[in-house]
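As the structure is a prediction and not an experimental result, all values here were calculated from the model.
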Amino acid sequence: MAYKIEDSCVSCGTCAAACPVSAIAEGDGKFEIDENACVSCGTCAGECPVGAIVEG
């Protein structure tokens with residue numbers, strides 16, 4: 001199951017830098033995860049300083 005970034009995202013970019021498959025990019029007002037590219041490893045969720053990334 002792919003992860004998703006909630007509205008509490010502060011656009012710091014930590015998740016994008018941590019993603020091993022480059023599935024995260026800056027979107028409109030927050031970062032977004034390409035669910036087709038996400039391999040559900042959870043690395044991004046573990047790195048998010050505000051806990052904005054959840055299984056979706």
Side-chain angles (χ1 to χ4, degrees):
M1 177 179 291
Y3 282 76
K4 66 178 182 176
I5 301 176
E6 298 185 323
D7 291 340
S8 56
C9 173
V10 295
S11 297
C12 67
T14 301
C15 58
C19 182
V21 293
S22 301
I24 305 174
E26 191 167 7
D28 188 25
K30 66 177 184 174
F31 276 72
E32 297 176 354
I33 299 174
D34 178 347
E35 62 184 48
N36 294 317
C38 179
V39 295
S40 300
C41 68
T43 301
C44 57
E47 295 291 322
C48 181
V50 296
I53 303 174
V54 296
E55 284 188 84

Please list every donor-acceptor pair under 3.5 Å in which a side-chain atom of residues 39-56 meets a protein atom from a residue at least two apart or in another chain.
residue, atom, partner, partner atom, Å
S40, OG, M1, N, 3.3
S40, OG, M1, O, 2.4
S40, OG, A2, N, 3.4

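- A side chain to side chain donor-acceptor pair (under 3.5 Å) check over residues 2-25, counting only residues at least two apart or in different chains, returns the pairs D7-K30.
- Using a 4.5 Å heavy-atom threshold, the side chains of I24 and D34 count as separate.
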